[in-house]
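One structure is given here, and the rest of the page talks about it.
Reckoned from all heavy atoms, side chains included, excluding hydrogens, waters and symmetry mates. Order of the sequence lines sets the chain letters (A, B, ...), proteins ahead of strands, with each chain counted from 1.
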2 protein chains.
Amino acid sequence: METRRDVFHAIADPTRRAILHMLAGKKMNLNTVADQFDISRPAISRHIKVLTECGMVIIKQEGRERYCIANPGPLSEVETWMKTYKAFWADSLDALDEFLKKQRIRKK
Amino acid sequence: METRRDVFHAIADPTRRAILHMLAGKKMNLNTVADQFDISRPAISRHIKVLTECGMVIIKQEGRERYCIANPGPLSEVETWMKTYKAFWADSLDALDEFLKKQRIRKK
DNA sequence: TATATACGTAACAACATTGTTACGCAAATC
DNA sequence: GATTTGCGTAACAATGTTGTTACGTATATA
């Protein structure tokens, strides 16, 4: 049991994915982001904090404004993880296939 | 605030990723999986339940044994999600680039 | 200088997650 | 039939997460 703040954890939350969605293509400041959601600004603030902690969002301070800029970079970790096991999983899929075939036969 | 049991949530936990790692390439029954971890069998049981709920693991009952088979299929959702925003994120990267350039200039 | 704006953050409540032990039940084995 | 094995699950404690309101602080503006 420990606090986990990596990319996998960051993108696990639908609100955070929605925030990333909004930031994709245009930088926005926090209040503009918060206006699009029904939840409070502090809640959004902490979601964005989680995103910055794993590098998915970078904050650009400009006077009293803080622009949020999406950074897909850390997603490569997720991509790598998926790629790494795809070859192994192919074997699993064989086993799964075999299993499903047997099931189909049983149902006949 | 709601219970979320999708692929994103499933792979967010390192223990579950480790379980998927173990299952990649060979089906195993629950006790065999649990033996590899320091945490209790019921805990593993529930992790696997989360994985089955999102389709990442499929259970093949054989007598009193229940083989766990990894299924990478649902990961396509993650892949699709990443691909969808890559084009948009390119723009974000431009903004990020610009920001970093300005920072570099400032530091001179 | 007074005020509005754009945040961060502390303090709290509600709920989710993750672990534990204890128990139950069905399949295999004796 | 009694025991062992493989597993699910209930009940509980500890901790994490996510939301809220209330407040503080720095920057822009009147």
Side-chain angles (χ1 to χ4, degrees), chain A residues 1-23 26-54 56-70 99 102 106, chain B residues 1-23 26-54 56-70 99 102 106:
Chain A
M1 280 205 269
E2 86 242 37
T3 308
R4 290 178 291 262
R5 289 284 174 88
D6 60 0
V7 198
F8 291 94
H9 170 255
I11 65 171
D13 185 277
T15 303
R16 283 194 288 271
R17 289 202 299 279
I19 291 173
L20 287 173
H21 190 160
M22 291 187 52
L23 293 178
K26 50 176 178 275
K27 63 183 185 197
M28 299 172 64
N29 55 29
L30 197 140
N31 280 335
T32 314
V33 174
D35 284 346
Q36 318 277 334
F37 292 90
D38 280 341
I39 57 182
S40 69
R41 188 185 48 75
I44 298 294
S45 177
R46 278 206 312 271
H47 277 308
I48 287 180
K49 193 178 182 188
V50 170
L51 290 169
T52 58
E53 277 171 5
C54 75
M56 288 289 301
V57 163
I58 286 167
I59 303 294
K60 179 185 180 182
Q61 182 102 31
E62 254 177 35
R64 69 183 170 187
E65 312 237 347
R66 299 163 56 88
Y67 287 106
C68 305
I69 304 174
F99 165 54
K102 279 180 192 162
R106 245 175 260 148
Chain B
M1 279 203 267
E2 86 242 39
T3 308
R4 290 178 291 262
R5 286 287 173 88
D6 58 1
V7 197
F8 291 94
H9 171 253
I11 65 171
D13 186 277
T15 302
R16 283 194 289 270
R17 288 203 300 278
I19 291 173
L20 288 174
H21 190 160
M22 289 186 54
L23 293 178
K26 49 177 180 275
K27 64 184 185 196
M28 300 171 63
N29 56 27
L30 196 141
N31 280 335
T32 314
V33 174
D35 284 346
Q36 317 278 333
F37 292 90
D38 281 340
I39 57 181
S40 69
R41 188 185 48 73
I44 297 293
S45 177
R46 276 205 315 269
H47 276 308
I48 286 178
K49 193 178 184 190
V50 171
L51 290 169
T52 59
E53 277 171 3
C54 75
M56 288 289 304
V57 163
I58 285 165
I59 302 294
K60 180 184 181 183
Q61 182 102 31
E62 255 178 36
R64 70 181 170 187
E65 313 235 346
R66 299 162 57 85
Y67 287 104
C68 305
I69 305 175
F99 164 55
K102 280 182 191 158
R106 245 176 258 145

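Stretches of at least 3 consecutive Watson-Crick or G-U wobble pairs, with each checked distance under 3.5 Å, appear in DNA chain D as C:1-30 with D:1-30.
Heavy-atom distances to DNA chain D give each of Asp38(A) and Tyr67(B) a nearest nucleotide, and the one nearer the 5′ end belongs to Tyr67(B).
At whole-Å resolution of the value, CG in Asp13(A) and P in dA16(C) are 14 Å apart. Remark: C1' of dT18(D) and CZ of Phe37(A) are 14 Å apart, rounded to the nearest angstrom. The separation between Ile39(B) atom CD1 and dT20(C) atom C1' is 11 Å, rounded to whole Å. The distance from atom CG of Asp6(A) to atom C1' of dT17(D) is 15 Å, rounded to the nearest whole Å. Rounded to an integer number of Å, the gap from NE2 of His9(A) to P of dT15(D) is 18 Å.
Within the structure, every pair that satisfies the side chain to side chain donor-acceptor pair (under 3.5 Å) test and touches residues 29-44 of chain A, not counting sequence neighbours, is listed here: Asn29(A)-Thr32(A), Asn29(A)-Glu65(A).
The heavy-atom pair separating Met22(B) from Val33(B) by the smallest distance is CE-CA, 4.0 Å. The two residues Leu23(A) and Cys68(A) come nearest to each other via the heavy atoms CD2-O, 3.6 Å.
Without hydrogens or angle criteria, Gln61(A) side chain to Gly63(A) main chain gives a donor-acceptor distance under 3.5 Å.
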Restricting to nitrogen or oxygen on both sides, can you table the protein-nucleotides 4-6 of chain D pairs closer than 3.5 Å?
from	atom 1	to	atom 2	distance (Å)
dT5(D)	O2	Arg64(B)	NH1	3.1

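Inter-residue side-chain proximity for Lys27(A) and Lys60(A) is flagged as met; some heavy-atom pair is nearer than 4.5 Å. Side-chain contact between Ile11(B) and Leu20(B) is present, with at least one heavy-atom pair separated by less than 4.5 Å. Considering only heavy atoms from C-beta on, Tyr67(A) stays 4.5 Å or farther from Met28(A) through its side chain.
Partners of Arg17(B) according to the salt bridge (Lys or Arg N to Asp or Glu O under 4.0 Å) rule, which considers only residues two or more places apart in sequence or in another chain, are Asp6(A).
OP1 or OP2 of dT20(D) lies within a sub-4.0 Å distance of a side-chain N or O belonging to Ser40(A).
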Please tabulate, for the side chains in residues 42-53 of chain A, all donor-acceptor contacts under 3.5 angstrom to protein atoms that are two or more places apart in sequence or on a different chain.
from	atom 1	to	atom 2	distance (Å)
His47(A)	ND1	Arg16(A)	NH1	3.1
Thr52(A)	OG1	Ile48(A)	O	3.3
Thr52(A)	OG1	Lys49(A)	O	2.7
Glu53(A)	OE1	Arg5(A)	NH1	2.7

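Near DNA chain D, meaning a heavy atom under 4.0 Å from it, residues 43-53 of chain A has Ala43(A), Arg46(A), His47(A) in order of number.
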Could you walk me through whether Phe37(B) and Thr15(B) pass side chain to side chain contact (heavy atoms under 4.5 Å, CB included), step by step? CA-CA 9 Å; Phe37(B) 292 90; Thr15(B) 302; 4.2 Å; yes
